[in-house]
Q: 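Pasting a structure below so you can have a look.
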Amino acid sequence: MYKLMLYFLVGSNEAQTKHRVLKIDRTEPKDLVIIDDKHVYSQQELRDLLDRLDLGNRTKMGQKGSSGFNRAVSAFGIVGFVRFLEGYYIILITKRRKTADIGGHSIYKIEDTNMIYIPNDSVRVAHPDEARYVRIFQNVDLSSNFYFSYNYDLSHSLQFNLTLLRNTCDLGKTEDVLPQSRQDSFDIFEDEGLPTQGMVAFPSEPYAKYVWNSKLLEKVQDTLHPDWLMYIIHGFCGQSKLLIYGRPVYVTLIARRSCRFAGTRFLKRGANCEGDVANEVETEQIVHDASVMTFSAGSYSSYVQVRGSVPLYWSQDISTMMPKPPIRLDQADPYATVAAQHFDQMLKRFGSPIIILNLVKKREKRKHEKILSEELFPAVTNLNQFLPPDHCIEYIAWDMARYTKSKLCNVLDRLGLIAESVVRRTGFFMNRPDLHCHTLRPDERWGDLGGHVTAYGRMQTGVLRTNCVDCLDRTNTAQFMVGKCALAYQLYALGMVDKPRLQFDTDCVRLFEELYEDHGDTLSLQYGGSQLVHRVKTYRKIAPWTQHSKDIMQTLSRYYSNAFSDADRQDAINLFLQVFQPSESKPHLWELPTDFYLHQKNTMVLPQDRRSYTFWWSDGILSYLPLPYDEVLCEENMKHVSLKRLDRYNESIDIYTEFFKPFELTCFDDTYCVTMTNSARDFMPKTVGVDPSPFTVRKPEETGKSVLGSKSSRDEAVLQRKTAASAPPPHSEEAVSSSSEDDSEDEREDDGSVSQRSTPIKLAEPGDGGRTQEVEVTKPLERDLLSHSCTVFAHLGQNQHKVERTSQLAGPKQCPVSYFSQDSIYEVQPPRVDRASQEVFECHIQTGLGLGRALHREDLLTYREYIKNRYM
């Protein structure tokens, strides 16, 4: 961004080969004047333009050392433009950090921003209250859990991005391209003999409910090129790497917080008149095989669930300064119009069935939480009588707090049964058809799985909606159990496990539990002002005694935040989301007694068209159920998708350039895939000879978290892993049962896994007390090595592929797991390398020796494309 009487904002691509220029007028005191010439500049053209600007704006022509302009700031994107009582400000992202990678597309977290006043000081009209509005606006910390991506739509789910856009793209391939599109997609190398262009579908607009800067971009979105518009979400984004015998599987958790009826804990409860509820968060877990990166060739799976306040008119009076203010119903709603609008939105976005998991208390000495259950259940019953029986809203009420206090009941066992039932009903998304290994080793639960099966894979139909009073502690634990069940099915669909079931105290579940605890802490800080009070370990009843003191501190922190700082945070959110827009003709934000009328817009006017009490859903939704209306190919949805013919080297679809960045000098140790959380490095025990499978149940002392922290301990862990790789495996196996109280008896019988221990140097004889026997280690014979290697090879992936133990495993006659050469990711026969692959490898070796091969047409085409993008 360059500073003159105009602000010149120069935007470029990652490779610094294409540039766009914005001109922002600084002479307008209260208006925003932006000029976008829509021209794409090359590097040389941009340099010439800046040189002319510098030469034409020097104070003394020809004087050395003076500059006509200077660089004001370097940034990574525009958050938006905002005005209070004076002129406009521009908010720029000045620091970012990569937090996830999906299909080669990077997701960044905003680390720092800069808010710059646009008008020049000579035309500025000062206002005494301007500084106060700026302070309130900056109370929304943009460096706290705001995320963006340049080429991936974070406001939509993975299912939407891969399903609707692919179907639209397939539809476009069968239709003629408009003459204007043919002209725009002219290719000077199209006569080279290889197709270089294809149809690509893009969402023309994000899902506004989860975009937090849509109002800040509203004034310029019709005048600026879409490349300038960058939409941010608020919530949580975390990613970890699960290593399964060296094969990387990325587990990603994305939480999208709704910007409608947004606010803090006691100040935003229930729903508004438009059906938007408080603390509404859509959580999506994405599991994909990271060995193949692209969406077209890779295997991707996702599962979505929702949390949100009870969709009724209710609130809590905080003027009494009580830890638990009494719940009161603000308005009578006998026809459940608010709940109808809320579930109409859910049917449109997720399809059916909509499953409600209500965790509020049922039995209380004095009515408190029970008031909500007594109103919600009749509302759901009233709405269901007008829906078809196959698509009715399912209601599950379970008093989780009461079960927690009981010593005879296991909370997580009960939640596990509910989770299994829910995942079977809704299914999950998978962009690949079922693998052949599912036919070889069928599982009865897989055949009963719900959802919608297509030629491309599976689709999730419906969603689980979980709520308690605050939608924080109990809700996060319930969502974790549902996510754990869905994760087992997702790994089974990818061919990583032989049964869709995961046990506690495994590296996989520990990694997933840590992700969900970070997810819960982040959402709890945003809405409640403190981290989680009750965690998964609390409900498993294995939390250490020090956790109780931490819970007390979190409770006190939450109470202090709710009593003293929530009002200021609510004002900041209202101002940031432009729910309140300052004006000299109306009261200031801090003068309003309440913000009720800001969020309940329909209360200020009489509605012209009243919604039907019986046909409470939107037109066209029922005809497509159980599929979500937003993801079907209909005329309405086609308006929100743009179809373009692009070159395959175009930056918006060129994953190689975006991910590997060949134009930059990068250090391997600093890359995101190395620094991210790793199950083998951070969770696997560091003892020699341990089973490296992340699905093996570990003992409590077998945790890899102790090696994190210092560099020396991490180096020691690396040395131990190298030793474990070269050490011989143990001669015996010790069966370890799950230490979890939450696994049922049949689960322990079916899924009891094996944990290998270290090979000892001294062996104790039974009945000998502490006396040990020395063992002489000799070099094994070649015959014994052959027999041992066959046995170990048959045991590879034993936790995933069960072998009948009717006889002792021994000798080279051991039968393989499967007689098929490639029934999953684990090879049972040596891989066969075709001649073409051998030639590629030989060419790679020859190039390293300085003997280059002759260029093919593909190489010439790539080079010409590079020349065209760089210099033409």
Q: Have Q341 and E274 got a donor and an acceptor in their side chains that come within less than 3.5 Å?
A: no
Q: Pairing donors with acceptors under 3.5 angstrom, does anything connect the side chains of R257 and N145?
A: no
Q: Can you tell me if K215 and Q581 form a side-chain donor-acceptor pair at under 3.5 Å?
A: no
Q: Give the intermediate values and the outcome of salt bridge (Lys or Arg N to Asp or Glu O under 4.0 Å) for residues R569 and D566.
A: CA-CA 5 Å; R569 290 173 56 207; D566 276 4; 3.0 Å; yes
Q: When you measure from the side chain of E591 to the backbone of H588, do you find a donor-acceptor pair of N or O atoms at a distance under 3.5 Å?
A: yes
Q: Taking side-chain contact (heavy atoms from CB on, under 4.5 Å) as the criterion, tell me which of L9, I118, L22 meets it with I34.
A: L22
Q: When you look at Y108 and F148, which way does the ring pair (Phe, Tyr, Trp, His ring centres under 6.0 Å) test go after all the steps?
A: CA-CA 5 Å; Y108 298 98; F148 70 94; 5.6 Å; yes
Q: Could you tell me whether the side chain of S524 and the main chain of L472 form a donor-acceptor pair under 3.5 Å?
A: no
Q: Is the closest basic N to carboxylate O distance between D473 and R535 below 4.0 Å?
A: no
Q: Is there a salt bridge (Lys or Arg N to Asp or Glu O under 4.0 Å) between D276 and K268 once you walk through the steps?
A: CA-CA 11 Å; D276 303 311; K268 285 293 167 284; over 6 Å; no
Q: Charged N to carboxylate O under 4.0 angstrom, D470 versus R269?
A: yes
Q: So, S106 versus K98: side-chain donor-acceptor pair below 3.5 Å or not?
A: yes
Q: Sort out for me which residue in E282, E280, H156, H234 forms a side chain to side chain donor-acceptor pair (under 3.5 Å) with R256.
A: E282
Q: May I ask you to check if R260 and Y210 form a cation-pi contact, with NZ or CZ under 6.0 angstrom from the six-membered ring centre and within 45° of the axis?
A: no
Q: Under 3.5 Å, is there a donor-acceptor pair linking the side chains of H599 and N574?
A: yes
Q: Looking only at atom types and distance, does a side-chain atom of D518 sit under 3.5 Å from a main-chain N or O of D521, one as donor and one as acceptor?
A: no
Q: If we count only N and O atoms by modelled type, under 3.5 Å, do the side chains of N467 and T475 hold a donor and an acceptor together?
A: no
Q: Are the side chain of W616 and the backbone N or O of L383 linked by a donor-acceptor pair below 3.5 Å?
A: yes
Q: Would you indicate whether the side-chain heavy atoms of H519 and Y516 approach each other to under 4.5 Å?
A: yes
Q: Per the side-chain contact (heavy atoms from CB on, under 4.5 Å) rule, which among K367, E369, H368 passes with I371?
A: K367
Q: Are E111 and R97 close enough for a salt bridge, meaning some N to O gap below 4.0 Å?
A: yes
Q: With F84, which of Y117, Y89, F576 fulfils ring pair (Phe, Tyr, Trp, His ring centres under 6.0 Å)?
A: Y89
Q: Taking R611 first and then D344, would you say they form a salt bridge - that is, a charged N and a carboxylate O separated by under 4.0 Å?
A: yes
Q: Tell me, do Y303 and Q460 make a side-chain contact under 4.5 Å, heavy atoms counted?
A: yes
Q: Answer yes if the side chains of R328 and Q316 hold a donor-acceptor pair under 3.5 Å, and no otherwise.
A: no
Q: Side chains of D330 and S315: do they bring a donor and an acceptor to under 3.5 Å?
A: yes
Q: Between D36 and R20, is there a side-chain N and carboxylate O pair less than 4.0 Å apart?
A: no
Q: Validate the cation-pi geometry between K109 and F236: distance from NZ or CZ to the six-membered ring centre under 6.0 Å, angle to the ring axis within 45°.
A: no
Q: Show your reasoning for whether ring pair (Phe, Tyr, Trp, His ring centres under 6.0 Å) applies to Y133 and W590.
A: CA-CA 10 Å; Y133 275 114; W590 52 87; 4.8 Å; yes
Q: Donor-acceptor pair, distance only, cut-off 3.5 Å: does the side chain of E364 make one with the backbone of K361?
A: no
Q: Kindly compute the distance separating CD1 (I354) from NE2 (H342), expressed to the nearest 0.5 Å.
A: 8.5 Å
